[in-house]
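Reviewing the structure listed below.
Values in this document were obtained by computation on a predicted structure and should not be read as measured data. Quick note: numbers below take in every heavy atom, side chains included, and nothing from hydrogens, waters or symmetry partners.
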Amino acid sequence: MGEAKNKKRHQVSMRLNILFLIVFLLFSALILRLGLVQIVNGEEYEKELTHVSNQTALVDAPRGLMFDSFGNVIVDNAMELSVTYTNPGNQKQAEMLELAEKLSEYIDVDTENLRFRDKQEYFYINMEVKERQALIEDIEYAEDDETSEYQRIIDQITEEMVSHYSEEEEQIIAIFSHMLRGSNGSPQRIKQSISEEEAHVLSEHLDRLPHIDLQRDSSREYVYGDTLKSLFGSVGSIPSDDIDQYLTQDYQRSDLVGVSYLEAQYEEALRGQKAEISRTQTKQGSGPAESIVEEKQGSRGNDLVLSIDMEYQQLADEIVQKEVMANRGRFIHDASAYAIVMNPKTGDILAMSGYHDPASGDGSYNPLGTVNNAYEFGSVVKGASVLAGMEEGVVSPGTVINDRPLQFRGTADKRSVSILGPIDMGTALERSSNVYMFDIAMRMGNYTYNPSLSKNERTLYSISTAKDVLDRSRYYFNQFGLGGSTGIDLPFESTGMIGPLDQDPGAALDFMIGQFDTYSTLQLGQYISTIANDGVRMRPLLVKEIKEPSTNGEDSVVLRQLQPEVLNTVDMSQDQIDVVQNGFRRVVNGNNGTAGSIDTDVPIAAKTGTAQTTVSVGEGDQRTSYKANNVSFVGYAPYDDPEIAFAVIAPGMRIPSAGDSNRIAQNISQELTNSYFDLKENRNGPEDVDSVVDEVDLFDE
């Protein structure tokens with residue numbers, strides 16, 4: 001029995017020892033773990049207790065200004081406030097939508113350009129998951145179709161589904177859409193140029209609008225109202241088709257860029273250097289967070305100095321509008337005229353004006369009509385015609401051609417306004433002979449007119465020969481800028497239309513008198529400038545210099561000076577060019593010159609033009625076509641040392657009755673010439689007018 005008790009006592013002792021060993025090992029492991037935490041990893045864990053977050057936002061800087069050639073600011077920046085949303089990077093779309101609903105209570109946004117896609121996305125957000133799946137569950141997709149499920153659902157949301165939204169809902173959709181366009185950490189404009197009342201209300205409620213802020217901003221201000229506003233171009237959201245290209249150039253999706261004309265052409269120069277706002281937030285453990293805000297100032301974009309003389313431009317607009325309205329009854333339907341004035345030696349564009357008064361009223365200036373609208377110009381192109389004939393070797397200055405009506409089977413009769421009889425080249429230009437130009441085209445096709453044959457017996461050359469004559473003629477015309485790009489520093493220009501040859505070989509003759517292909521007023525300006533500049537074709541320029549930011553256009557460093565650029569020198573010799581220059585001089589001062597009545601303060605050389613065309617009025621069954629004239633005029637002054645070259649057209653005018661004449665293009669040219677030389681003696685600066693602030697469309701295209 002004693003042995004049993006000893007054995008039992010020994011077993012208890014063994015168990016206690018094992019228990020103590022286990023406890024010892026556990027405490028040892030705990031101590032070892034604490035040692036690792038405090039000694040080995042202590043510094044690392046201490047860093048984890050200190051939370052640091054960095055966020056950098058880029059804020060747009062104002063764009064560069066534009067000055068005219070005399071240092072007058074013509075495009076400025078109007079400072080304003082914009083409402084912005086900055087996505088922190090982790091905000092869900094449902095939260096963004098809720099924020100958009102709150103913000104819509106305090107501001108009104110433009111919904112005019114709200115896209116169907118914006119409504120689709122809003123509809124999608126408000127759908128239940130089951131509703132989304134139901135839209136595509138019965139649609140079979142090809143195995144290789146990589147379209148995402150999201151896009152497939154969006155594609156099934158029809159216009160009918162989103163057609164019921166109220167104005168209030170569309171406001172929310174517009175705000176929400178702008179939010180989605182932003183990049184994480186960068187302010188995205190929700191509304192630009194908010195009203196003072198909106199600014200006050202928002203300031204009071206920003207505490208309940210997380211990530212919404214008021215930001216300094218600017219819009220383009222056109223100092224001289226609508227004068228050349230369309231030429232300057234507009235600023236807006238990056239077009240969706242170009243977003244990838246801009247992103248590779250360090251743009252943000254929310255950036256505003258130049259989207260048309262000079263703003264687009266010189267985007268790289270006008271773009272400002274963004275301000276950089278860095279927010280660093282440090283949090284020690286559970287203590288309060290400390291924030292440090294650092295701002296790196298941005299800078300305004302570089303300035304452009306244009307070739308435009310704003311004082312002269314205002315006069316040109318006044319001249320063109322006055323003549324259009326004074327001759328309003330002479331137009332078939334809409335009334336318009338376009339004019340451009342250039343320096344033929346440098347290519348600088350001094351003024352470009354257009355005025356369009358539709359039959360419905362509400363006339364407006366349209367300077368881009370000189371670049372974008374193309375017309376048949378008529379006889380003003382005859383300088384290029386005789387130069388082509390001389391270069392081809394089919395005529396010379398002394399070549400005498402009998403000006404009489406020409407008749408061919410299968411084509412309309414060809415004649416001048418009046419029968420001139422035997423004339424040489426100089427007289428042909430002075431009196432604007434059509435037949436002389438027709439004969440050049442016939443000779444280029446190795447065709448000799450036989451007056452002894454009847455009309456039904458007399459055929460012109462074949463269509464293939466007519467095409468060859470046209471191709472060769474266009475080659476020469478292109479050297480003057482007719483029918484091709486002028487090279488103007490704009491992202492777009494019309495190069496005109498090539499007339500359809502069809503089955504009428506007489507088109508090759510019509511081409512020589514400017515009644516087949518169409519040209520822009522700018523092309524005609526370059527053409528007459530090339531003749532004035534002894535056959536040297538210059539690139540038309542609107543921008544002369546790019547400068548560092550300045551307040552007056554003078555006290556700044558010139559970063560780039562756009563030098564006059566020679567595009568080509570025509571094939572013709574100086575002697576041949578002299579023939580045309582003398583012929584154009586005779587148009588004005590010859591005994592029978594077609595512009596002998598023009599009255600300018602300096603001697604000029606010029607050429608008149610009239611092209612027969614048609615104007616269609618009405619729609620559908622009520623559409624009626626009327627015969628009309630395009631009245632044009634080109635020239636340069638002074639004729640012996642040209643400072644300016646000009647081209648003018650008034651399209652779609654009524655054909656005057658016998659004994660009447662239409663001098664609208666000539667009158668505009670006369671006043672443009674006199675105004676230019678008057679300004680050389682007496683300048684008062686541009687007339688002050690109410691400025692216009694651009695309205696930016698925040699929706700991309």
- Message: Between D317 (side chain only) and S353 (backbone N and O only), is there a donor and an acceptor less than 3.5 Å apart?
- Response: no
- So does Q249 have more than 12 non-hydrogen atoms from other groups sitting under 6.0 Å from CD? yes
- Rounded to the nearest 0.5 Å, what's the gap from CG on N674 to CG on L679? Could you check? 11.0 Å
- Query: Are the side chain of D76 and the backbone of E221 linked by a donor-acceptor contact shorter than 3.5 Å?
  - Reply: no
- Here the gap from K322 atom NZ to L315 atom CG, rounded to the nearest 0.5 Å, amounts to 10.5 Å
- Query: Quick one: are S675 and I319 in side-chain contact, heavy atoms under 4.5 Å?
  - Reply: yes
- Task: Using modelled atom types only, decide if a donor and an acceptor are shared between the side chain of Q523 and the backbone of T495 within a distance under 3.5 Å.
- Result: yes
- Task: Look at E159 together with K119 and state whether they make a salt bridge at an N to O cut-off of under 4.0 Å.
- Result: no
- Query: Do K544 and T346 have side chains that get closer than 4.5 Å, going by heavy atoms?
  - Reply: no
- Message: Once rounded to the nearest 0.5 Å, what's the spacing between atom CG of L672 and atom OG of S669?
- Response: 6.5 Å
- Message: So R253 and L247, do their side chains get closer than 4.5 Å, heavy atoms only?
- Response: yes
- Task: First locate atom CD of Q561, then atom NZ of K547, and finally report the distance between them rounded to the nearest 0.5 Å.
- Result: 9.0 Å
- Task: Give a yes-or-no answer on whether the side chains of E267 and Y251 include a donor-acceptor pair shorter than 3.5 Å.
- Result: yes
- Item | More than 12 heavy atoms of other groups within 6.0 Å of E80 CD | yes
- Task: Can you measure from CD (E121) to CD1 (I173) and round to the nearest 0.5 angstrom?
- Result: 10.5 Å
- Is R537 close to Q526 at the side-chain level, that is, under 4.5 Å between some pair of heavy atoms? yes
Under 3.5 Å, sequence neighbours excluded: what are the donor-acceptor pairs made by side chains of residues 362-370?
| residue | atom | partner | partner atom | Å |
| --- | --- | --- | --- | --- |
| Y365 | OH | Q321 | OE1 | 2.6 |
| N366 | OD1 | G369 | N | 3.4 |
| T370 | OG1 | P367 | O | 2.7 |

- Message: Over 60° means perpendicular and under 30° means parallel, so tell me whether Y122 and F176 are parallel, tilted or perpendicular.
- Response: perpendicular
- Got Y375 and T518 here, is their nearest side-chain heavy-atom distance under 4.5 Å? no
- Side-chain heavy atoms of L490 within contact of L231, under 4.5 Å: yes
- Distance col, row Y676:OH vs F646:CZ, nearest 0.5 angstrom, shows 12.5 Å
- Flag if over 12 foreign heavy atoms under 6.0 Å of CD, E681: no
- May I ask you to decide if D108's main-chain N or O and K191's side chain share a donor-acceptor pair within less than 3.5 Å? yes
- Message: Contact between I528 and V380 at the side-chain level, heavy atoms closer than 4.5 Å - yes or no?
- Response: no
- Task: May I ask you to say whether D226 pairs ionically with K229, meaning some side-chain N is under 4.0 Å from a carboxylate O?
- Result: no
- Going by an N to O cut-off under 4.0 Å, is there a salt bridge joining R683 and D309? yes
- Determine, step by step, whether F492 and N372 satisfy the side chain to side chain contact (heavy atoms under 4.5 Å, CB included) criterion, reporting the C-alpha distance in whole Å, the side-chain angles of both residues, the deciding distance to 0.1 Å, and the verdict. CA-CA 8 Å; F492 174 81; N372 296 337; 3.4 Å; yes
- Query: Is there a side-chain contact between Y527 and Y519, using heavy atoms and a 4.5 Å cut-off?
  - Reply: no
- Side chains of S485 and E493: donor-acceptor distance under 3.5 Å anywhere? yes
- Side chains of E671 and N667: do they bring a donor and an acceptor to under 3.5 Å? no
